[in-house]
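Report on one structure; see the data block that follows.
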Amino acid sequence: MAKSKFEYVRDFEADDTCLPHCWVVVRLDGRNFHRFAEKHNFAKPNDSRALNLMTKCAQTVMEELEDIVIAYGQSDEYSFVFRQKSNWFKRRASKFMTLVASQFASSYVFYWPDYFEDQPLLYPPGFDGRVVLYPSNQTLKDYLSWRQADCHINNLYNTVFWALIQQSGLTPVQAQERLKGTVTADKNEILFSEFHINYNDEPQMYRKGTVLVWQKVDEVKTQEIRLPEEMEGKKMTITRTRTRPLPLYCDLIGDAFWKEHPDILEEGN
Ligand code: DGT
Ligand code: MG
Ligand code: MG
Ligand code: MG
Ligand code: MG
């Protein structure tokens, strides 16, 4: 096909190919979710509806897009790890980032009513995205450990903070003052002695975040048989094994998870 004289403008597109042999991580984060959570009456400090909706969106992203081997989510963020050897869209960072963000955001709106039955969606939420490359299995594991450690630190803080406000009647400023300079052991002690909460008994989803990995599941379907004619209308069940991205609420920081799921990092180094 003949080229138009305008064709040269194509060369203005910057090359944003992700370096080969690296894990490609896309992390999304809800835009101004402090406000969004307030406006939509999210439970404090954790709203299971909101967290489960985030996970539903992440599952949709994994099902619809290519080459995502694991995802990790907490609070208003989700990280997606693409295969080290992925050649999806020739590894263009902008494709990875925008497809993840747009698929996630449209899913958030689409599935909202399934999770927030009595709470209308008041305005369209947005998500920022970034791409980060990790050159080895160790740096990727450390990335995921960093996000999970962040989840733990924030959740412990928020759990005590809101207990002080909701159960002891402190103002947010007073609760903040009370927690200034405290370490993990102090926070656990306040929870236990003042509120009879053993932090380790709090739901795993809140303490650990959500890990999505591909798992084999048997799906049972009822199907009508076409032939023979005399049996028309008869139904039979068919069981098919499929892989689906299913949630785990587990530790990613120790070795156990990676030993149990050796396939996730198998093509890396
Ligand atoms: P950003 O990301 O810079 O646009 O601003 P934010 O406000 O999204 O800040 P970020 O991402 O650092 O913090 C997440 C906010 O989302 C934080 O203010 C608490 C809120 N949030 C996330 N999950 C929950 C939840 O389950 N319940 C409640 N009440 N708030 C939540
Ligand atoms: Mg932020
Ligand atoms: Mg945010
Ligand atoms: Mg965030
Ligand atoms: Mg097109």
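Numbering of ligands and ligand atoms starts at 1, following listing order. Everything numeric here is computed off the predicted structure, so don't read it as measured data.
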What I'd like to find out is whether the side chain of Glu63 reaches to under 4.5 Å of the side chain of Pro245, using heavy atoms alone. yes

Can you confirm if the aromatic rings of [Y] and [X] lie within a centre distance of less than 6.0 Å?
X	Y	answer
Tyr199	Tyr206	no
Phe116	Phe42	yes
Tyr123	His40	yes

When you compare ligand 1 with [X], is there at least one nitrogen or oxygen pair between them that comes in under 3.5 angstrom?
X	value
Arg31	no
Asp128	no
Arg35	no
Pro45	yes
Phe33	yes

Gap separating the CZ atom of Arg178 from the CZ atom of Phe161, nearest 0.5 angstrom: 13.0 Å

Can you measure from OG (Ser107) to CH2 (Trp112) and round to the nearest 0.5 angstrom? 14.5 Å

Go through the side-chain N and O atoms of Thr182 and Tyr157 and say whether any donor and acceptor fall under 3.5 Å apart. no

What is the name of the N/O/S atom of Asp76 that is nearest to the Mg ion (ligand 3)? OD2

Which atom name does Asp29 have for its N/O/S atom nearest to the Mg ion (ligand 3)? OD1

Heavy-atom nearest option to atom 21 (N) of ligand 1, drawn from Pro125, Ser75, Gly126, Ala50: Ser75

Contacts satisfying ring-ring contact (aromatic ring centres under 6.0 Å, His included) that involve residues 169-197 (not counting sequence neighbours) are none

Answer with side chain, backbone, both or neither: which part of Asp47 has a heavy atom less than 4.0 angstrom from an atom of ligand 1? both

Which one holds for Ala37 and ligand 1: side chain close, backbone close, both close, or neither close, with close meaning a heavy atom under 4.0 Å? side chain

Please could you name the atoms of ligand 1 that [X] approaches to less than 4.0 Å, counting only its heavy atoms?
X	result
Asn46	26 (O)
His34	6 (P), 7 (O), 8 (O), 15 (C), 16 (O), 18 (O)
Phe42	25 (C), 27 (N), 28 (C), 29 (N)
Ala43	27 (N), 28 (C), 29 (N)

Within less than 2.8 Å of the Mg ion (ligand 4), any N, O or S from Glu77? no

Report the residues that fulfil salt bridge (charged side-chain N to carboxylate O under 4.0 Å, His left out) with Asp76, sequence neighbours left out, ordered by chain and then residue number. none

How are the rings of Phe96 and Trp88 set relative to one another: parallel (under 30°), tilted (30 to 60°) or perpendicular (over 60°)? tilted

Is the distance from the Mg ion (ligand 3) to some N, O or S atom of Gly30 under 2.8 Å? yes

